[in-house]
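Order of appearance sets the numbers: ligands from 1, and atoms from 1 within every ligand. Just so it is clear, the model here is predicted, and its values are computed rather than measured.
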Amino acid sequence: MKKILTTVSAGALFIAGAVHAEPQAEVLHWWTSGGEAKSVAVLQQEFADNGGTWTDMPVAGGGGDAAMQALRARVLAGNAPTAVQLKGPAIQEWYEEGVLADISAVAEAQGWADVLPASIAGHMKCEDIWCAAPVNVHRVDWIWANADVLESNGIAMPTSWDEFNAAAEKLQAAGIIPLAHGGQAWQDATVFEAVALGILGADGYRKAFVDLDMDTLKSDDMVAVFDQMRTMRGFVDPNFPGRDWNLATAMVMNGEAAFQIMGDWAKGEFLAAGKAPGEDFLCASTPGEGFLYNVDSFAMFEVAGADKQAGQALLAELIVGKNFQKVFNLNKGSIPARTDVSLADFDSCAALSSDEMAASNSGGSLLPSYAHGMALRGAQSGAITDVVTSHFNSDMSSQEAVEQLAAAVANSL
Ligand code: BGC
């Protein structure tokens, strides 16, 4: 349902300037790790350079679950932040609550429709208006490895799950933790969707996690996905529960562990620590076809005050700006959302991401990440993740997990 919306005008800056309103923004985000903090600092700096005053509201917690709880509390209290890191169908869910500002004037003045791929632009629209600004394209289905550890153990990057399992057994026998993992629900879901893409294939993934097709959710292939998760549970160290994702990345960096399955924000950590791709660490897509995308974006919440509305217009303009899209993504590990930013200064992992995104787009296997809130509404993705995490953390059989998965999804509809 369409609600009354604040309109953030592209002219707000100039109009605001005339009445001496200076751009202000309180920005809620969950970018608190080393690489993430370096990335968000780029936006803070650009905002300040353009006369803005930034009030930082970081809410730690990978994947953003804690940030989303903080957001709900603020909106319920009638005190929404000015700008919020928000993505996927959650954008439309908040729009339906009538609390998002309309940033169409900025989007149209800046020609966003001409520089964003249609698939990304679609996530930024609420009915006929622009209601979010995209920052990047993160890929989720990546496997990261310590180059020295693989080399000294005679292991190549795995190209099938069987190869992965064989490599992991060899590493384990050599006293190395095969898989750096943090036991948090969203990290379990991140590994699960990469395994699911590999085993179900792109069509099966789409049927299961976009269409919520019951036959696919209950299929033998889905049993095989849970079997592989059970195998992988045997490859993590005993201290995995509760570990933050960036601490798992650090285990790969220092050679304590060989692999991590994580989105390319992990590359932001490697880079922030001065590590080089191809030398210190390796990147490859997880075994199987397809590309799971996760687009970070910011939505502006309905707020009163010319200074805050000027802040929203300025932020929206900067976020989709060419310079920001380049510098931010060099730090963040992702690639620009804009199609007209040169990747000449980006590394080989970014080039691989960009090439495989284009190939999967034309081959019909470019798919939204369910684990990172791009594919489903919160109730459905939460129902799936609950089953994934309770299976990973118990001795539940794969058959039982599949039955619970189908029942949980059915109940969430
Ligand atoms: C976000 C990334 C973030 C990661 C870890 C993902 O859901 O899209 O920007 O770095 O969570 O916090």
Side-chain angles (χ1 to χ4, degrees), residues 27-44 57-71 83-91 120 123-124 132-142 144 180-194 209 242-250 252 260-273 283 291-299 319 324-325 327-337 349-350 353 357 367-376 378 381-382 384-385:
V27 185
L28 172 63
H29 63 89
W30 67 89
W31 288 330
T32 58
S33 75
E36 290 174 334
K38 229 179 138 182
S39 310
V40 74
V42 175
L43 187 56
Q44 293 183 8
M57 192 187 170
V59 180
D65 294 339
M68 292 301 98
Q69 276 170 20
L71 172 62
V84 177
Q85 184 189 349
L86 195 68
K87 59 187 170 166
I91 298 169
I120 293 182
H123 285 289
M124 307 299 138
V135 172
N136 60 5
V137 181
H138 269 307
R139 182 181 199 174
V140 179
D141 50 318
W142 282 113
W144 307 93
H181 183 63
Q184 296 174 347
W186 74 272
Q187 292 188 61
D188 299 339
T190 300
V191 174
F192 172 79
E193 71 174 6
F209 304 115
R243 176 186 289 136
D244 287 331
W245 67 272
N246 51 321
L247 300 181
T249 309
V252 176
Q260 183 182 21
I261 293 173
M262 185 51 64
D264 40 22
W265 44 94
K267 192 184 79 182
E269 292 307 293
F270 285 110
L271 298 180
C283 61
F291 184 111
L292 298 182
Y293 69 85
N294 169 26
V295 176
D296 283 311
S297 46
F298 279 86
I319 284 170
F324 171 75
Q325 293 256 327
V327 182
F328 175 90
N329 286 304
L330 280 170
N331 287 303
K332 190 68 173 67
S334 33
I335 55 174
C349 303
S353 183
M357 184 175 163
L367 293 158
S369 158
Y370 114 77
H372 290 274
M374 296 304 298
L376 299 168
S381 60
I384 296 170
T385 298

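K332 NZ, 3.5 Å is the protein heavy atom nearest to atom 2 (C) of ligand 1. Atom 9 (O) of ligand 1 has D296 OD2, 2.7 Å as its closest protein atom, hydrogens excluded (heavy atom only). Among protein heavy atoms, atom 3 (C) of ligand 1 sits closest to E36 OE2, 3.2 Å.
The closest donor-acceptor contact from the side chain of E36 to the backbone of T32 lies under 3.5 Å. When atom types are taken as modelled, the side chain of Q184 and the backbone of G242 share a donor-acceptor pair closer than 3.5 angstrom. Put simply, the side chain of W144 never gets that close to the backbone of T249: no donor and acceptor are under 3.5 Å apart.
Applying the 4.0 Å criterion to heavy atoms of N294 picks out, from ligand 1, the atoms 1 (C), 6 (C), 7 (O), 8 (O).
Ligand 1 has a nitrogen or oxygen under 3.5 angstrom from a nitrogen or oxygen of K87. Below 3.5 Å of separation, one finds an N or O of W30 facing an N or O of ligand 1.
With values rounded to the nearest 0.5 angstrom, L330 atom CG is found 9.0 Å from L271 atom CG. The structure places CD of Q187 at 7.0 Å from CG of D244, a figure rounded to the nearest 0.5 Å. Here the straight-line distance linking atom CG of D296 with atom CG of N136 works out to 4.5 Å at 0.5 Å rounding.
Ligand 1 has at least one atom lying under 4.0 Å from a heavy atom of G63.
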